[in-house]
**Q** 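Can you read through this structure? Questions will come right after.
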Amino acid sequence: MSTEVKEVKKKEPLFSKKNRGLITDPLNDSNPISVQVLGICSALAITVQLKPAVVMSISVLAVLSIGNVVISLLRNLIPSRIRIIVQLVVVASLVILVNEVLQAYAYDVSKELSVFVGLIITNCIIMGRFEAFALANSPWKSFLDGLGNAFGYAWILIAVAFVRELFGSGTLFGFQIIPHAWYIDEGGFYSNNGFFLFPPMALIVVGIIIWIQRSRNTKLIED
Amino acid sequence: MKLFKNLLASVKPHFEEGGKLEKLYPVYDGFATFLFVPGHSAHSGAHIRDGIDLKRTMITVVMALVPALLFGMWNAGYQHYLALGLNETVTFWEQVGFGAMKVLPLVIVSYSVGLGIEFAFCVIKKHQINEGFLVSGMLIPLIMPVDIPLWMVALSTAFAVVIGKEVFGGTGMNILNPALTARAFAFFAYPTFMSGDKVWINTSLNEGQAVADGFSGATALGELATTGSTDIKPMDMFLGNIPGSIGETSTVAILIGAAILIYTGIGSWKIMLSAVLGGLTMGLIFNGIAEFMISPEQQGFMEVPYWEHLIMGGFAFGVVFMATDPVSASQTSKGKWIYGFLTGMLCIMIRVFNPAFPEGVMMAILFMNVMAPLIDHYVVEGNVKKRKKRLKVKTA
């Protein structure tokens, strides 16, 4: 019996509690957007509609998880003085790859996202995870951490985009959700809320998400 | 009054500790202190300078708003019948009646939504109910166009109370003026209902009625922004029988309100005066540089006599009732001068330079609300420095 326990201790299972924590923590307790307040710029810029938000989330997911693994593999080779440059090179090449794939297979969305795909390079979440995690941990853990943070980023992005598209344009993924007959032009009473199309409303929606999150999760409240 | 007193006394046990409705105590307390002067007094180190409390303050402001409200009601009816070309056939009371039918629902919606949310927050957070919303609830309908759908007013009010006020900690903590927050929300959310030349006058038609020929519902500022000239005479702007938001048109009614506010010491005359000075300054500057403008519309707008800006649009209303909001304005005496002056200047500047915002007073006040703490900070710092210097000179 005792030997078995020792073996288990030596070789951590792929999805040990700690490793699962790497994925689940960023969803709530250490969410990159709502707790660490990173990556806000893109959360404001591309959440007018759901489709670009989803594509953006997938792009960040790819870049962050692959990049984390690459950095983690290189972590013992990178001289610490030039590590930022190396990280930038890795992100930049991955972003170019993602951009090429988008242009090849999803040209419309790629045009809509325009410069924001390129700006993934400057997304603070990615550099933050490289610096804080991948440089000090094994590839598998780094991969999980990348996935977790990307999911944490994605759900906020998609939640904000859902609210903004529904109230701002009355659609979801481009499909009309609010019945045509409700609109004032058609004799109804409803009108789309133009404020939701402006970036400030994204900030307010993120703020409301933070508010709800902190009222349920009291350990996040400072002082 | 005895009836109310007995009624309150009879329901009181339910709201006290251990009672059935213990959780709703703030609601009970709110009603009780609304009707009667609170019976408790401070026990130590009282800082009271006079007997006025938040409720009396708020009620005074609401009373100061009444002339503008009454005039707004009449004007809503007057403009409606003017648009239909029927003003010769209808009586004064018909005009007032029609206006009241349009304006009172806005007031009721704004109050019920706003107070409902405030009560809910007080019950959840176990605060005392305070009356900050009494004024905002009256201001919100007065700065809306008469034709706006009620649900938009409700939504804007809810937004203003929750995002503009409660997230900062409720009455007295807000950075922005709640009423203007509501208007800004409506303005950006439903621009077609908040600007243009269709929204200021109710032109709903009964059978056999038609809109009169050559009728235009544009405001003076709207006309100036698009064409560079307006047919509306200064005297009408002063009296207020022109299209515009419900409460903003009549400078006379607003001046009555201003007199009440200044006489009771509730509104700061420093802010009002300095805002007027700021507006005049900017108007004079524009008068001076108008001839260098290329586009004739811009030139026309800049050539508007500097004093006319004061009676046009919502300048007077905003300066008297909203720039003086004691919570969101500057607190220091010197700060008030700076704050008011810049509000007036910015208002005229936004009006003239940005045709997308024919009315600049909303943006100007909101912007200066954000800047007010900064102004106060530097005024206080400056004072500290001055005193330190004096101290050095004395000791040296």
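Note on naming: letters A, B, ... go to the chains in the order of the sequence lines (proteins, then strands), and numbering restarts at 1 for each one.
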**Q** Between W155(A) and F162(A), is the ring pair (Phe, Tyr, Trp, His ring centres under 6.0 Å) condition met? List the steps.
**A** CA-CA 10 Å; W155(A) 85 256; F162(A) 178 86; over 10 Å; no
**Q** N31(A) and Y153(A): side-chain donor and acceptor closer than 3.5 Å?
**A** no
**Q** Of the backbone (N, CA, C, O) and the side chain (C-beta and beyond), which part of Y190(A) lies under 4.5 Å from a heavy atom of chain B, both, or neither?
**A** both
**Q** Check whether F187(B) gets within reach of chain A through its side chain, its backbone, both or neither, counting any heavy atom under 4.5 Å.
**A**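 Neither part.
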**Q** Taking side chain as everything from C-beta outward and backbone as N, CA, C, O, which of these in F189(A) sits under 4.5 Å from a heavy atom of chain B? Side chain, backbone, both or neither.
**A** both
**Q** Is it true that E165(A) and K51(A) have a side-chain N and a carboxylate O under 4.0 angstrom from each other?
**A** no
**Q** Give a yes-or-no answer on whether the side chains of D325(B) and S328(B) include a donor-acceptor pair shorter than 3.5 Å.
**A**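 Yes, S328(B) and D325(B) have a side-chain donor paired with an acceptor closer than 3.5 Å.
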**Q** Please identify, among I208(A), L197(A), N192(A), the residue contributing the most non-hydrogen atom pairs under 4.5 Å to chain B.
**A**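 Option with the top pair count is N192(A).
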